[in-house]
> 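The structure under discussion is supplied below as structure tokens; questions concerning it will follow.
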Amino acid sequence: MFVTVFLDQNLQKPLDYAIPKGIAVQVGMRVEVPLKTKRALGTIAAIKEHSSFPDVKEIIKVLSSKGELTNTQWRLAEWMSHYYATSMQKVLRCFIPPNIRRNVKEKSQKFLTLARTDAETIAECSQLRLKNPKQADILDQLLQHPKGLFLSRIKDQISAYALQILIKKKWIQEQLLPLSDIFEEDFFPTSPKILNNEQKTALDAIQMAIEKCHFSTHLIYGITGSGKTEVYLQAINKALELGKSAMFLVPEVALTSQTIERFKARFPHKIAILHHKRSLGERTTAWEDLRQGKIQIVIGARSAIFCPIQNLGLIIIDEEHDNSYKQNDEMPCYQGRDVAVMRAHFENCCIVLGSATPSIESRYNASIGKYQLHELRARATHATLPKVH
């Protein structure tokens with residue numbers, strides 16, 4: 001038996017390798033293979049009984065226990081390679097995080113917790129604020145995170161010397177933990193709001209599509225303050241009730257702590273947050289949890305569309321007109337909104353595009369019936385619109 005392997009190097013074509021006896025492989029697995037006098041890493045793209053090349057070398061080592069990509073991810077990768085005229089080697093970089101490509105194992109990081117009660121710490125803070133304000137700042141940070149936090153989160157904001165003094169004084173406890181042991185913060189839970197008629201009409205159509213598990217695209221054309229986000233939240237809740245997962249994409253600039261807090265306050269579930277400001281270890285940990293089906297909600301920028309979320313039932317693209325959904329810096333150059341629509345097509349799930357100023361392409365697709373259009377003309381709070389001259 002032989003395999004076709006796409007190497008991480010920028011080669012024009014994949015290479016064939018023989019499967020050593022006693023080794024089981026499947027499409028999507030990462031492997032180490034010989035390449036001239038060196039060793040190279042790559043991804044298995046196909047398994048076959050014959051190779052058209054003589055003297056095919058054997059795989060050196062299998063690096064993953066199962067395929068890194070789902071069947072729908074492979075279909076999406078192949079479509080992107082064809083549609084955007086880019087080699088599969090470059091497309092696969094979008095789907096496989098750097099840590100997994102380099103076969104780097106998860107590292108432990110320092111985790112900090114308060115060693116004494118909150119009351120004692122607050123009293124110590126008031127004493128330190130005048131004499132040692134840097135130590136007081138560190139204790140303040142930990143008082144805001146009662147479950148503790150990783151040092152990497154505050155490393156750039158604190159004094160390392162002040163931290164060591166607090167550890168010696170036994171005000172702070174330090175331990176090594178893997179990033180997968182992330183302690184979620186508690187948020188005051190919020191309840192669904194009552195929708196107006198326009199919101200309810202849009203939500204009913206979206207929920208019906210989620211229930212039927214078939215591909216459909218909905219464009220919510222709603223003015224600022226019309227309550228698009230509430231429709232999104234209730235649609236995600238419907239997907240979760242049906243045992244499905246949901247993906248919420250926003251432009252990079254809109255991915256603020258306020259957006260994340262709003263979701264965490266509504267959903268008690270663990271949420272994966274994927275964007276460039278997260279450390280490589282955090283993104284890789286979230287990626288693995290998604291692949292194992294441990295997380296059902298993803299919030300992220302355009303690259304989150306490639307994540308291995310399981311049993312996808314709903315994709316939401318907020319501010320779908322925004323130019324930051326376009327990748328222009330390197331190959332593959334792609335439009336994240338269009339890739340999201342194709343992923344929804346391959347996953348047989350519902351996708352919602354929302355904007356107060358829809359893109360010309362989306363507005364046109366709605367006008368010819370390709371997308372279902374839902375207009376929200378009034379503000380959800382019944383506030384009057386300003387006069388525009």
Side-chain angles (χ1 to χ4, degrees), residues 97-100 102-190 252-253 255-290 292 294-295 297-301 304:
N99 266 14
I100 295 174
R102 298 174 197 147
N103 195 32
V104 177
K105 301 300 180 185
E106 183 182 17
K107 295 179 181 178
S108 296
Q109 289 199 12
K110 290 181 179 178
F111 189 77
L112 308 176
T113 51
L114 288 173
R116 306 196 195 181
T117 65
D118 285 2
E120 289 176 311
T121 307
I122 291 167
E124 180 67 12
C125 267
S126 62
Q127 296 289 326
L128 289 172
R129 214 169 296 284
L130 296 173
K131 297 183 292 182
N132 295 294
K134 290 182 178 179
Q135 292 179 32
D137 288 343
I138 297 171
L139 293 177
D140 278 336
Q141 291 266 23
L142 287 170
L143 283 167
Q144 292 172 36
H145 299 84
K147 292 182 180 178
L149 47 74
F150 283 100
L151 175 59
S152 57
R153 295 280 181 91
I154 58 171
K155 196 173 183 178
D156 298 334
Q157 307 163 29
I158 65 168
S159 162
Y161 179 70
L163 175 63
Q164 289 307 313
I165 291 174
L166 288 169
I167 292 170
K168 283 182 181 178
K169 288 181 177 178
K170 296 187 177 179
W171 281 103
I172 292 176
Q173 189 174 7
E174 182 184 62
Q175 58 182 318
L176 287 174
L177 287 179
L179 274 171
S180 53
D181 294 341
I182 292 177
F183 295 81
E184 294 290 331
E185 294 178 46
D186 293 322
F187 292 90
F188 187 76
T190 60
E252 191 77 55
V253 292
L255 194 57
T256 60
S257 57
Q258 186 180 5
T259 304
I260 295 163
E261 285 172 15
R262 182 179 285 183
F263 271 74
K264 287 188 174 181
R266 182 65 64 89
F267 304 110
H269 311 72
K270 192 174 180 181
I271 297 174
I273 300 161
L274 300 171
H275 60 94
H276 79 279
K277 289 184 180 177
R278 304 283 280 184
S279 72
L280 192 57
E282 286 174 315
R283 280 180 281 164
T284 305
T285 299
W287 209 267
E288 286 294 342
D289 286 346
L290 286 165
Q292 294 169 26
K294 293 179 180 177
I295 301 179
I297 304 175
V298 172
I299 302 174

> What heavy-atom pair brings I297 and I295 nearest, and what distance separates the two atoms?
O-CG2, 3.3 Å
> In Å, rounded to the nearest 0.5 Å, how long is the span from NZ of K110 to CD of Q175?
12.5 Å
> Do I165 and N132 make a side-chain contact, defined as non-hydrogen atoms from C-beta onward lying under 4.5 Å apart?
no
> Under the side-chain contact (heavy atoms from CB on, under 4.5 Å) criterion, do F150 and L112 qualify, and how do the steps go?
CA-CA 6 Å; F150 283 100; L112 308 176; over 6 Å; no
> Can you tell me how far the OG atom of S159 sits from the CG atom of D137, to the nearest 0.5 Å?
10.0 Å
> Listed by chain and number, what are the ring pair (Phe, Tyr, Trp, His ring centres under 6.0 Å) partners of F267, not counting sequence neighbours?
none
> Using every non-hydrogen atom in the two residues, find where G300 and A304 come nearest and quote the distance to one decimal.
CA-CB, 3.9 Å
> Please tell me if the side chains of L142 and T113 come closer than 4.5 Å, counting only heavy atoms from C-beta onward.
no
> Is there a side-chain contact (heavy atoms from CB on, under 4.5 Å) between E174 and L166 once you walk through the steps?
CA-CA 10 Å; E174 182 184 62; L166 288 169; over 6 Å; no
> Restricting to non-hydrogen atoms, name the atom on Q141 and the atom on H145 that form the minimum distance, rounded to 0.1 Å.
O-ND1, 2.9 Å
> Step by step, would you call Q135 with E124 a side-chain hydrogen bond (donor to acceptor under 3.5 Å, both in side chains)?
CA-CA 10 Å; Q135 292 179 32; E124 180 67 12; over 6 Å; no
> With a 4.5 Å cut-off on side-chain heavy atoms, are K264 and I260 touching?
yes
> Are the side chain of E120 and the backbone of T117 linked by a donor-acceptor contact shorter than 3.5 Å?
yes
> Atom CG in L143, atom SG in C125: separation rounded to 0.5 Å?
5.5 Å
> Can you establish whether the number of heavy atoms outside K155 located under 6.0 Å from its atom NZ is more than 12?
no
> Please report the closest heavy-atom contact between A286 and L274, naming both atoms and the distance.
CB-CD2, 3.9 Å
> Please assess I271 against V298 for the test side-chain contact (heavy atoms from CB on, under 4.5 Å), listing each intermediate value before the final yes or no.
CA-CA 6 Å; I271 297 174; V298 172; over 6 Å; no
> Working to the nearest 0.5 Å, report the span between CG of L163 and CH2 of W171.
15.0 Å
> Would you give the length of the straight line joining atom NZ of K170 to atom NZ of K168, rounded to the nearest 0.5 angstrom?
13.0 Å
> Are the side chains of K134 and I158 in touch, meaning some heavy atoms are under 4.5 Å apart?
no
> Determine whether L128 and P133 make a side-chain contact, defined as any pair of heavy atoms from C-beta on separated by less than 4.5 Å.
no
> Go through the structure and list residues passing side-chain contact (heavy atoms from CB on, under 4.5 Å) with Q127, not counting sequence neighbours.
none
> Under a 3.5 Å cutoff, is there a donor and acceptor pairing between the side chains of R116 and T121?
no
> May I have the step-by-step check of side-chain contact (heavy atoms from CB on, under 4.5 Å) for F111 and L176, ending in yes or no?
CA-CA 6 Å; F111 189 77; L176 287 174; over 6 Å; no
